[in-house]
J.: 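Structure provided below as structure tokens; questions to follow.
Below, each value reflects all heavy atoms present in this structure, side chains not excepted, and no hydrogens, waters or symmetry copies. In this text, all values refer to a predicted model and were calculated from it rather than measured experimentally.
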Amino acid sequence: MAASPHTVSSRLLTGWVRGCVWYLERRTIQESPHKFLHLVRNVNKQWITFQHFSFLRRMYVTQLNRSHHQQVKPKPEPVASPFLEKTSSGQAKAEIYEMRPLSPPSLSLSRKPNEKELIELEPTSEIEDSINVGKETKEEKQWKEMKLQVDDLPGILARLSKIKLTALVVSTTSAGFALAPGPFDLPSFLLTSIGTGLASCAANSINQFFEVPFDSNMNRTKNRPLVRGQISPLLAVSFATCCAVPGVAILTWGVNPLTGALGLFNIFLYTCCYTPLKRISIANTWVGAVVGAIPPVMGWTAATGSLDAGAFLLGGILYSWQFPHFNALSWGLREDYSRGGYCMMSVTHPGLCRRVALRHCLALLALSVAAPVLDITTWTFPVIAFPINAYISYLGFRFYVDADRRSSRRLFFCSLWHLPLLLLLMLTCKQRRGGGDPGPPPS
């Protein structure tokens, strides 16, 4: 019986499917060892990678914990051991420093201490260090109340008022009074000196009150009373007020209103113009020179009651003298002034600083010649004052050329003795004006 076409096609399809299955099974059996090894290798690689990341994670956690421990760990507080609590501090130190005697046979000079001995000595040193650290920490953390002793108050107020600068101001005022024409009035002279000194103390105290945060950054001014907290700002302002009010009052009603007005104007110029201008512009040096030039003018007006040519000449001498004096001083303090935030010629315009100092040294020569022309001194004065004026001009020229610390110091120290000597020579060569009425005409 012949098979139908449908039956033949189904048999062929079944045989082809069985053949494919047999081929796939055979190939799978042949390649299974390689796949197994590959699988094992992949698993090993993954295990190695996992171990590596675990190691890195542990290292990171360790370093992180160590850094946190270093940042958060506070200072060790003194740990009092039981035997220290039962004894006094003297006995404790005796026990700390006590060492057991070593017999000569048991320890030779060449033998090093063993670990057990070192371990026994370490706790005692740690206890001593912890005690010292604890005492220092406790002292640092304690607030100390500022107590002002009455005996220290005069010295503190003298430094607050810059007593040396005030003495220089009073001396120049006295020179202006003595050089003025007319008879010498002792009560007026004393009132002028006292009033000018009080006004200078007030101006200097207010100046220090305003400059506390800047003076604290400078080595030259960091020991001032307000910076160190020796007195309160309220006390400083009260002291300035107690000096300014009677000082201006003495000059106004005890001497004359013109001198009192000059004193009040000088306080205003120093505290409200010069002091804030020091951190804004180098023009503060010229304003400060005007402040220093007013005291001899006050002395002249106190004696004469008017502003004459002689008053302006004395003011001009003081005005020119201050430039070599202050520019030489500021040259050696450039780091201090820049750290304090002050705008000085020596810091921002060093070339101008040296030129201005030299110009005004030469100006002192011309002003000395102008004194006999204005009939203030005799012609002897410019002759005998020429050596000291020439010497300070020479030092000003060396400062202009060299521009170093040595030349600036020489010019500064020369200015300290130049001014009082120049004023003394002016007094000795003062023009003597004849007094009294002339006698009757001859018959």
J.: Charged N to carboxylate O under 4.0 angstrom, Arg224 versus Asp215?
T.: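 Counted as a salt bridge, because a side-chain N and a carboxylate O are separated by less than 4.0 Å.
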J.: Testing the basics here: between Ser407 and Asp402, what is the closest heavy-atom pair and its distance to 0.1 Å?
T.: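 Scanning both residues, the minimum pair turns out to be OG-CB, 4.0 Å.
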J.: Which heavy-atom pair separates Ala328 from Ser408 by the least distance, and what is that distance?
T.: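 Distance-wise, the nearest heavy atoms are CB-O, 3.3 Å.
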J.: Ignoring hydrogens and angles, tell me if any N or O in the side chain of Asp375 forms a donor-acceptor pair with the backbone of Gln431 under 3.5 Å.
T.: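 No.
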J.: With a 4.5 Å cut-off on side-chain heavy atoms, are Ile206 and Thr275 touching?
T.: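 No - every pair of side-chain heavy atoms lies 4.5 Å or more apart.
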J.: Would you indicate whether Arg406, at its atom CZ, is surrounded by more than 12 heavy atoms from other residues, nucleotides or ligands within a distance under 6.0 Å?
T.: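 At most 12 heavy atoms, drawn from other residues, nucleotides or ligands, come within 6.0 Å of this atom.
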J.: With a 4.5 Å heavy-atom cut-off, do Gln230 and Asp152 have their side chains touching?
T.: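 When only atoms from C-beta onward are counted, Asp152 and Gln230 do not touch, as no gap falls below 4.5 Å.
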J.: Testing Thr301, Asn266, Leu318, Thr196 for side chain to side chain contact (heavy atoms under 4.5 Å, CB included) with Ile294, which one passes?
T.: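 So, applying the side chain to side chain contact (heavy atoms under 4.5 Å, CB included) to Ile294 and each of Thr301, Asn266, Leu318, Thr196, only Asn266 qualifies.
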J.: Between Ser320 and Ala363, is there a donor-acceptor pair closer than 3.5 Å when you use the side chain of the first and the backbone of the second?
T.: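 Not a single qualifying donor-acceptor pair exists.
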J.: Taking the side chain from Thr304 and the backbone from Ser306, do they hold a donor-acceptor pair closer than 3.5 Å?
T.: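 Between the backbone of Ser306 and the side chain of Thr304 there is a qualifying donor-acceptor contact (under 3.5 Å).
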J.: In terms of the angle between their ring planes, are His325 and Trp321 parallel, tilted or perpendicular, with boundaries placed at 30° and 60°?
T.: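 Rings of His325 and Trp321: parallel, under 30°.
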J.: Mind listing the closest non-hydrogen atom pair of Arg220 and Leu329 along with its distance?
T.: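 Closest pair (atom of Arg220, atom of Leu329, distance): NH2-CD2, 4.1 Å.
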J.: Using a 4.5 Å cut-off on heavy atoms from C-beta on, say whether the side chain of Asn204 contacts that of Leu160.
T.: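 They are not in side-chain contact.
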J.: Please assess Leu234 against Ser238 for the test side-chain contact (heavy atoms from CB on, under 4.5 Å), listing each intermediate value before the final yes or no.
T.: CA-CA 6 Å; Leu234 178 61; Ser238 302; 4.1 Å; yes
J.: Examine distances only and state if a side-chain atom of Lys430 and a backbone atom of Ala180 form a donor-acceptor pair shorter than 3.5 Å.
T.: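 Judged by distance alone, yes, a pair lies under 3.5 Å.
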J.: Would you say that more than 12 heavy atoms from the other residues, nucleotides or ligands in this model lie under 6.0 Å from the CZ of Arg334, or not?
T.: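 For Arg334, atom CZ is crowded (more than 12 foreign heavy atoms under 6.0 Å).
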J.: Measure the CD1-OG1 distance between Ile194 and Thr173 for me, rounded to the nearest 0.5 Å.
T.: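 Taking CD1 in Ile194 and OG1 in Thr173, the distance rounds to 12.5 Å.
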J.: Over all heavy atoms of both residues, which pair between Pro324 and His360 is shortest? Give the atoms and the distance, please.
T.: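 Heavy atoms of Pro324 and His360 come nearest at CD-CB, 4.1 Å.
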J.: Working to the nearest 0.5 angstrom, can you tell me the gap between Ile163 CD1 and Cys201 SG?
T.: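 Going from CD1 on Ile163 over to SG on Cys201, the span is 5.0 Å.
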J.: Measure centre to centre between the rings of Tyr319 and Trp286, then say whether the value is under 6.0 Å.
T.: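 So the answer is no for these two rings.
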J.: Tell me, do Ser174 and Val170 make a side-chain contact under 4.5 Å, heavy atoms counted?
T.: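 Yes; the side chains approach each other to less than 4.5 Å.
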J.: Apply the ring pair (Phe, Tyr, Trp, His ring centres under 6.0 Å) test between Trp331 and each candidate in Tyr337, Phe399, Phe323, Phe412; give the one that qualifies.
T.: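 Exactly one candidate clears the test, Phe399.
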J.: With side-chain contact (heavy atoms from CB on, under 4.5 Å) as the test, would you mind laying out the steps for Ser368 and Leu422 before giving the verdict?
T.: CA-CA 9 Å; Ser368 298; Leu422 185 67; 4.1 Å; yes
J.: Go through the steps to decide whether Lys278 and Phe214 satisfy the test side-chain contact (heavy atoms from CB on, under 4.5 Å), and finish with yes or no.
T.: CA-CA 11 Å; Lys278 288 168 69 176; Phe214 309 100; over 6 Å; no
J.: Is the shortest heavy-atom distance from the side chain of Arg279 to the side chain of Asn284 under 4.5 Å?
T.: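 Answer no - side chains too far apart.
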J.: Any sub-3.5 Å donor-acceptor pair from Asn327's side-chain atoms to Cys353's backbone N or O?
T.: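 Yes, because the side chain of Asn327 sits within donor-acceptor range (under 3.5 Å) of the backbone of Cys353.
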J.: In Å, rounded to the nearest 0.5 Å, how long is the span from CD1 of Ile231 to CZ of Arg159?
T.: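 Reported to 0.5 Å precision, the distance equals 9.0 Å.
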J.: Are side-chain heavy atoms of Arg359 and Val356 found at a separation under 4.5 Å?
T.: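 A side-chain contact exists here, since the closest heavy-atom pair is under 4.5 Å.
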J.: To the nearest 0.5 Å, how far apart are CG in Leu314 and CG in Leu179?
T.: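 Going from CG on Leu314 over to CG on Leu179, the span is 5.5 Å.
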J.: Quick check: closest heavy atoms across Ser171 and Leu168, and the distance to 0.1 Å?
T.: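 Minimum heavy-atom separation between Ser171 and Leu168: OG-O, 2.6 Å.
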J.: Between atom CD1 of Ile388 and atom OG of Ser393, what is the distance when rounded to the nearest 0.5 Å?
T.: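 If I round to the nearest 0.5 Å, the distance is 10.5 Å.
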J.: Counting only heavy atoms not in Trp253, do more than 12 sit closer than 6.0 Å to its CH2 atom?
T.: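 No, the 6.0 Å shell around CH2 holds no more than 12 heavy atoms from other groups.
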J.: Does atom CZ of Phe326 have more than 12 heavy-atom neighbours from other groups under 6.0 Å away?
T.: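 Yes, CZ of Phe326 has more than 12 neighbouring heavy atoms, counting only those of other groups under 6.0 Å.
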J.: Under a 4.5 Å cut-off applied to non-hydrogen side-chain atoms, are Met298 and Val255 in contact?
T.: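 They are not in side-chain contact.
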J.: Can you tell if the side chain of Phe184 reaches within under 4.5 Å of the side chain of Phe177, non-hydrogen atoms only?
T.: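 With C-beta onward as the side chain, the pair touches.
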J.: Once rounded to the nearest 0.5 Å, what's the spacing between atom CG of Leu262 and atom CD1 of Ile267?
T.: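 Rounded to the nearest 0.5 Å, the CG-CD1 separation comes to 11.5 Å.
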J.: May I have the step-by-step check of side-chain contact (heavy atoms from CB on, under 4.5 Å) for Phe386 and Leu365, ending in yes or no?
T.: CA-CA 7 Å; Phe386 178 77; Leu365 286 167; 3.9 Å; yes
J.: Using modelled atom types only, decide if a donor and an acceptor are shared between the side chain of Ser161 and the backbone of Ala158 within a distance under 3.5 Å.
T.: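 Yes, the answer is positive, given that a donor and an acceptor are paired below the 3.5 Å cut-off.
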J.: Would you find a donor on one side and an acceptor on the other, under 3.5 Å apart, between the side chain of Arg405 and the backbone of Gly332?
T.: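 Confirmed, Arg405 side chain pairs with Gly332 backbone.
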J.: What is the minimum heavy-atom distance between Ala203 and Thr271, and which atoms define it?
T.: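 Nearest heavy atoms, Ala203 then Thr271: O-CG2, 3.7 Å.
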